[in-house]
Participant: 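Quick one: the structure is below, and I'll ask about it shortly.
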Amino acid sequence: MRDWMKVAGIHSSEITDERLFRQRRQLLQAAAAAGVTGLIASPASAAGTQLSGPIVKSPFSTDEELSSLETVTTYNNFYELGTDKGDPARNADQLKTEPWSVTIDGECAKPGVFTLEDILKPHAIEERIYRMRCVEAWSMVIPWNGFPLADLIKRAEPNSKAKYVAFETVVQEDLPGVKRNVLQWPYREGLRMDEAMHPLTLMAMGLYGEELPAQNGAPLRLVVPWKYGYKSIKSVVRISFVEKQPETSWNMAGPSEYGFYSNVNPDRSHPRWSQAKERRLSGDTGGLSSLFSSKSETRFMNGYAEQVASLYEGMDLQKFH
Amino acid sequence: MSESIAATNRLGLPALRWQSILKPVVFVLALTPFVYLVQSLLTGGLGPNPIDALTDTTGTLAIRMLLISLCVTPLRGLLKKTWPLKLRRMLGLFAFFYVFLHVSIYLVLDQQLDVAAIWEDLAERPYILAGTMALLILIPLAGTSTRGMVKRLGKRWVSLHRGVYVAGAAAVVHYVWLAKGDLIEPFVYLAILIVLLGYRFVKLLR
């Protein structure tokens, strides 16, 4: 973008400090980086590392058309790596994922600091093809590889005081987004214990049978398919069992917009985006046809109501949004 | 370029040749982002969500072009030259061009002319209302940009076209209101707008 601004004779210094442009929320920069070939050149395009071990198919999977690997790995919200949708893939190599450890603490019998291997070892890897609905009214279908969070929680043996599970993302000071306080770091999320224990709730360490790319939350992330995407916290380094409802990053940033529950709900309007419909991003990234993909109606709980609606029985979902 | 102008002046040559190519050059420069955008679209360079990218980019271009057109008057004052005035109509119409693209993309590609959804946006989202206000103000300005209309409306043309201040402010507010998380870019535009309108306000007071 900065390059073509020069071509256009509009000196960026007339408008803003050049440095500030790097964080712009536009895709043109990605386009410029792609160059004349029109190909998105990003680390994500390189072949990822295949997961070792067998992968079990899950009955929870949808048979809807998958979003392409390129779409899933080049269009991301991961503000530690930048606020532009293309930034996370561009800056992916800046996230240090080795060594990695996860702290499990709070109201449980077996707290500790565990290496990634410790965490992953006892679990069989499943493939779960889930719909993912972003609060920005777009959605994807992603084949995740992971294991139920419930299995991990059971190993920690939470006690009766553990009513909620709080999560934190890694903070690496030199990441481009961390240098700026777009959100309060670390990125925080949380679930009620019964939500966390629900069989749909997944800890993922891969997608498409490959290790998670950094932009998708390497090496370990949460996936909660009936909630807006931001609940599915990436690059988890801390899991805490707590008595009170934990603070969550987006709720702290805009309490009226982002609730603690954040269940996908077409009837609960959002100040910026109508939640009634969504645009499915499948993978046609070029040409005019990509402009005429119709939006589809958003389903209550992202289509997982049959499995999870009972968790919220008797709750006013306009209030507890 | 400025050096060559100075040289030319010192040599005492009559007509400044660079002024005759000023308009076509600025025309091409203002159209370049559009050409680039179309090229990116056709080659897949807009990424997995091209409609969103188009909406964002045309919106940003519209605001930048509006702000650039608002630079004409201060530029004339600071340079004490009249040549910036020759660009004003064209820059204003380019701003409208990008506003028109932005709104068309929103209505046709994003909302797919779903009247109920558009109405919900207008009723529930203040930033959509602010953007609509900017559009509604800019339509008559674009419509009265011909020489004939300037003559016919006379002083009323001048007061009508002061509406661009309100439209510019509404457009920037529209962006500030919709931005999520990262507010630097909208705030930079806001700061520039304040300087540009502030310049006129100070002039008015003197």
Side-chain angles (χ1 to χ4, degrees), chain A residues 4-5 7-10 14-17 20-21 23-28 30-32 34 36-40 67-68 70-72 74-75 79 83-86 136 138 140 180 182-183 253-254 257 269 271-274 276-277 279 281-288 290-295, chain B residues 25-26 28-33 36-37 39-54 56-57 59-61 63-65 67-68 71 105 108-112 114 116-118 120-121 123-128 177-189 191-192:
Chain A
W4 69 258
M5 288 293 289
V7 174
I10 310 158
E14 274 176 34
I15 298 163
T16 181
D17 179 2
L20 307 180
F21 267 93
Q23 299 301 323
R24 281 176 22 266
R25 302 181 60 210
Q26 282 190 4
L27 286 166
L28 271 180
V36 285
T37 59
L39 294 166
I40 300 274
S67 300
S68 71
E70 188 186 324
T71 294
V72 172
T74 57
Y75 194 77
Y79 278 13
T83 53
D84 184 298
K85 295 281 185 298
E136 297 164 346
W138 51 266
M140 295 181 185
R180 302 181 39 223
V182 178
L183 289 170
E257 301 186 16
S269 188
R272 298 176 213 274
W273 310 277
S274 166
K277 290 183 177 181
R279 179 174 301 120
L281 307 181
S282 51
D284 307 324
T285 55
L288 292 172
S290 61
L291 295 181
F292 298 97
S293 60
S294 63
K295 283 181 166 179
Chain B
V25 167
V26 173
V28 169
L29 293 180
L31 198 63
T32 302
Y36 183 79
L37 201 56
Q39 190 235 338
S40 301
L41 171 66
L42 295 177
T43 55
L46 294 179
N49 198 350
I51 297 174
D52 215 45
L54 285 175
D56 265 18
T57 310
T60 308
L61 287 168
I63 288 179
R64 288 181 185 178
M65 207 53 85
L67 292 177
I68 290 169
C71 287
I105 289 162
V108 180
L109 299 181
D110 187 11
Q111 296 291 12
Q112 300 175 325
D114 177 342
I118 294 163
E120 186 202 305
D121 261 1
E124 293 188 18
R125 283 168 257 285
Y127 78 89
I128 296 279
W177 236 331
L178 75 87
K180 170 187 125 179
D182 189 357
L183 294 172
I184 284 188
E185 192 177 350
F187 279 148
V188 167
Y189 296 144
I192 293 169

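Note on naming: letters A, B, ... go to the chains in the order of the sequence lines (proteins, then strands), and numbering restarts at 1 for each one.
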Participant: I need the B:Ile118 CD1 to A:Ser274 OG distance, nearest 0.5 Å.
Facilitator: 11.5 Å
Participant: Using non-hydrogen atoms only, which part of B:Leu54 is less than 4.5 Å away from chain A: side chain, backbone, both, or neither?
Facilitator: side chain
Participant: Looking only at heavy atoms, what is the nearest atom pair of A:Pro271 and B:Arg125, with distance?
Facilitator: O-CG, 2.7 Å
Participant: Look only at the side chain of A:Tyr75 and the backbone of B:Gly47, and say whether a donor-acceptor pair between them is shorter than 3.5 Å.
Facilitator: no
Participant: Check A:Leu291 against B:Pro50 and note the closest heavy-atom contact, atom names and distance.
Facilitator: CD2-CB, 4.1 Å
Participant: When heavy-atom pairs shorter than 4.5 Å are enumerated against chain B, which of A:Gly254, A:Ala276, A:Ser269, A:Ser67 gives the highest number?
Facilitator: A:Ser269
Participant: Go through the steps for B:Asp182 and A:Arg180 under the test salt bridge (charged side-chain N to carboxylate O under 4.0 Å, His left out), then give the verdict.
Facilitator: CA-CA 9 Å; B:Asp182 189 357; A:Arg180 302 181 39 223; 2.8 Å; yes
Participant: Just how far is it from atom CG of B:Asp52 to atom NZ of A:Lys85, taken to the nearest 0.5 Å?
Facilitator: 6.5 Å
Participant: Quick one: what part of A:Ser294 sits under 4.5 Å from any heavy atom of chain B, side chain, backbone, both or neither?
Facilitator: both
Participant: Given a strict heavy-atom distance threshold of 4.5 Å, which part of A:Arg279 is in contact with chain B: side chain, backbone, both, or neither?
Facilitator: side chain
Participant: For A:Lys295 and B:Gln111, which heavy atoms make the closest approach, and how far apart are they?
Facilitator: NZ-OE1, 3.9 Å
Participant: Pick from B:Asp110, B:Val26, B:Leu31, B:Asp121: which one has the most heavy-atom pairs with chain A under 4.5 Å?
Facilitator: B:Asp110
Participant: What pair of heavy atoms forms the shortest contact from A:Glu136 to B:Lys180, and how long is it?
Facilitator: OE2-NZ, 2.7 Å
